Amino acid sequence: MALYALVAFSLVALALSLVMFIFSVRDWRERRVLWQLLSPRREPITLAWFLRQKPPEATRHVLECYTRPDDVNLEQVLWHIPCMPTPYLNYAPIPGRSPSLIINGRQMRDQRELALPRPPGVYRIFLSGGSVAFSLGAPNEDTTLALELERLLNERGGVGGRRVEVFCAAVPGYTSTHERIMIENRLSEWEPDLVVALTGINDCHWGFMGREALDCWNYEDSLFFSLANMSLGRGGADFFPQQPPYHEDRILPPGEVAEVFIKNFKLAAAALDVPLVVALQPYMSERFKPLTDGEDDWLEEHRQSGRLGHMEACFDEMAQRLGELEATGGGHVRTADLRPVFKDNREAIFIDIYHFADRGNQVLARRLLQLIEPLLPHDATAIGT
């Protein structure tokens with residue numbers, strides 16, 4: 001009898017040990033996944049960190065993209081912007097300061113807080129878009145595209161005698177859908193005089209990955225979704241299904257990408273009673289810029305993957321339909337294809353296929369000034385109060 005009791009006890013102990021082992025393995029796996037998911041939150045991902053994954057010549061090339069490379073500390077240039085869940089937009093930057101950027105209380109890249117109502121004597125411009133409009137590669141706040149444009153406008157006397165402020169409402173990863181919601185829900189309420197969308201890349205990026213801009217999740221969305229599902233599993237609840245639907249078995253045709261893009265900006269224009277400028281942003285391409293050796297090296301992997309060809313085709317479709325966007329904008333929409341903005345520039349501009357540093361921001365700011373100049377009132381009485 002004692003033998004049977006001993007055997008039974010041993011079997012129960014073995015079963016408990018096996019259960020504990022299974023749970024410990026599961027816990028270890030979950031902790032490992034969580035560790036990987038939260039790696040951008042544990043320590044800053046800088047441009048220097050990104051370049052450590054590349055050959056040494058990549059770092060030399062990147063430094064050539066800055067006007068004063070000896071003054072640039074790549075360990076302080078953030079290459080991933082910490083974000084938080086944000087109503088209707090899915091995500092936006094976390095307010096706060098770092099060595100190379102400041103996010104204000106409205107989640108915009110600016111050290112100033114947005115004053116509402118708009119102060120007298122101010123002409124207000126918002127810049128929307130993704131990481132290029134955000135000026136991801138800028139070495140500090142003074143060299144962002146938004147502040148370069150603001151400086152140029154104020155150096156020429158402002159607009160109609162008013163001081164100009166240009167706020168950066170761009171967020172890395174944003175598609176035209178994010179921009180449309182940003183314009184509808186936020187910028188239209190923040191008393192703009194002009195909105196400039198420097199845009200296009202992310203619709204193409206996600207289209208190549210089989211995700212339509214109207215319902216896709218990008219990297220930040222996937223992070224928050226994975227964290228939520230891990231919490232559900234811990235609590236014994238059912239996991240969320242993998243929604244919205246992905247179409248990873250196909251690359252979206254350029255026509256579909258362009259159709260969504262144009263639709264979003266038609267809706268965005270309808271939400272504004274001020275001019276909207278929609279400008280297709282530049283990207284690295286031998287069609288539009290004489291490439292340096294360093295730029296050509298970066299481009300090669302995208303040629304081989306087919307990403308560059310798909311992006312070019314998407315942008316060509318968008319460019320062909322810009323006239324349609326102007327025609328339906330009631331005279332308030334202006335469009336431009338800024339891909340050739342660096343066509344005469346033989347210097348190193350592009351850090352990678354999408355992004356550039358302060359030299360690129362200076363050139364692009366001057367071109368944006370030319371683009372918006374005809375829309376600016378020259379008489380103070382013509383500016384809304």
Side-chain angles (χ1 to χ4, degrees), residues 47 50-51 53-55 57-58 61-62 65 79-80 129-134 136-137 172-179 198-223 242 244-265 278-322 337-343 348-356 360:
L47 186 48
F50 173 68
L51 289 169
Q53 325 302 315
K54 306 291 182 180
E57 53 267 24
H61 159 69
V62 167
C65 297
W79 205 240
H80 175 272
S131 55
V132 170
F134 184 85
L136 190 64
Y174 269 18
T175 65
S176 61
T177 301
H178 292 95
E179 291 186 73
L198 181 69
T199 183
I201 282 292
N202 288 316
D203 287 52
C204 304
H205 174 82
W206 293 111
F208 185 76
M209 298 177 70
R211 306 181 188 182
E212 184 185 90
L214 283 178
D215 68 357
C216 78
W217 287 341
N218 62 21
Y219 302 117
E220 289 293 323
D221 301 322
S222 297
L223 167 65
Q242 291 291 332
Y246 292 148
H247 308 285
E248 296 180 345
D249 58 333
R250 71 181 185 113
I251 297 173
L252 296 188
E256 289 186 23
V257 175
E259 182 177 358
V260 169
F261 179 85
I262 295 298
K263 173 182 179 177
N264 275 325
F265 281 107
V278 180
L280 296 181
Q281 66 196 80
Y283 53 83
M284 190 193 298
S285 169
E286 53 218 342
R287 286 175 61 191
F288 303 111
K289 181 188 182 299
L291 302 181
T292 66
D293 290 341
E295 289 172 331
D296 193 67
D297 289 343
W298 277 98
L299 200 57
E300 184 57 34
E301 62 182 274
H302 297 287
R303 291 193 191 101
Q304 295 176 357
S305 70
R307 183 184 297 275
L308 177 63
H310 179 263
M311 184 170 64
E312 299 260 36
C314 289
F315 267 82
D316 288 345
E317 289 279 349
M318 292 176 187
Q320 290 176 15
R321 299 189 61 175
L322 288 180
D337 183 353
L338 298 189
R339 289 181 291 173
V341 69
F342 303 122
K343 63 183 176 62
I349 295 288
F350 287 95
I351 291 175
D352 60 13
I353 188 172
Y354 302 145
H355 307 100
F356 36 83

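Remember, predicted model here, so these are calculated numbers, not experimental data.
One N or O on the side chain of E295 and one on the backbone of T292 form a donor-acceptor pair closer than 3.5 Å. N218 contributes a side-chain N or O that, together with a main-chain N or O of G173, makes up a donor-acceptor pair within less than 3.5 Å. Looking at E317, its side chain never comes within 3.5 Å of a backbone N or O of G255 through a donor-acceptor pair. D203 places a side-chain N or O within 3.5 Å of a backbone atom of S176 that can act as its donor or acceptor partner.
Rounding to the nearest 0.5 angstrom, the gap separating the CG atom in D296 from the CD atom in E286 is 6.5 Å. Distance check, rounded to the nearest 0.5 Å: CG of L291 to CG of L299 gives 6.0 Å. Atoms NE2 and SG, from H205 and C314 in turn, are 12.0 Å apart once rounded to the nearest 0.5 Å. Atom-to-atom distance recorded for E57:CD and D297:CG is 7.0 Å, nearest 0.5 angstrom. Taken from CG in L308 to SG in C204, the straight-line distance is 11.0 Å, to the nearest 0.5 Å. Within the model, atoms OG of S131 and NE2 of H80 stand 11.5 Å from one another, a figure rounded to the nearest 0.5 Å.
Considering all non-hydrogen atoms of both residues, I201 and F315 come closest at N-CZ, 3.6 Å. Closest approach of G200 to Q281, counting heavy atoms only: N-OE1, 3.3 Å. When every heavy atom of A58 is checked against every heavy atom of W298, the shortest pair comes out as CB-CZ2, 4.0 Å.
Side-chain contact between R321 and E259: present, with at least one pair of heavy atoms (C-beta onward) separated by less than 4.5 Å. The side-chain heavy atoms of H355 and W79, taken from C-beta on, include a pair separated by under 4.5 Å. In this structure the side chain of S285 never reaches within 4.5 angstrom of the side chain of M311, judged on heavy atoms. For the pair I351/F50, no side-chain contact is recorded, criterion being any heavy-atom separation below 4.5 Å from C-beta on. Residues Y283 and V132 fail the side-chain proximity criterion, which asks for heavy atoms closer than 4.5 Å. Counting only heavy atoms from C-beta outward, the side chains of E212 and L252 approach each other to under 4.5 Å. Side-chain contact between F288 and V341: absent, with no pair of heavy atoms (C-beta onward) separated by less than 4.5 Å. No side-chain heavy atom of K289 sits under 4.5 Å from any side-chain heavy atom of R339.
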TODO: Go through the steps to decide whether R287 and D316 satisfy the test salt bridge (Lys or Arg N to Asp or Glu O under 4.0 Å), and finish with yes or no.
DONE: CA-CA 12 Å; R287 286 175 61 191; D316 288 345; 3.3 Å; yes
Open item on the list: For a side chain to side chain contact (heavy atoms under 4.5 Å, CB included) check, start with the C-alpha distance between W206 and T177, then their side-chain angles and the critical distance, and finish with the verdict.
Closed with: CA-CA 12 Å; W206 293 111; T177 301; over 6 Å; no
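Shown here are the ring pair (Phe, Tyr, Trp, His ring centres under 6.0 Å) partners of F208, two or more places apart in sequence or in another chain: H310. With sequence neighbours left out, the ring pair (Phe, Tyr, Trp, His ring centres under 6.0 Å) criterion links F350 to F342, F356.
D352 and K54 are not joined by a salt bridge, as no carboxylate oxygen comes within less than 4.0 angstrom of a charged side-chain nitrogen.
With M318 as the fixed residue, the side chain to side chain contact (heavy atoms under 4.5 Å, CB included) test singles out one of I262, D337, V257: V257.
With hydrogens and angles left out, the side-chain atoms of N202 and T175 include no donor and acceptor closer than 3.5 Å.
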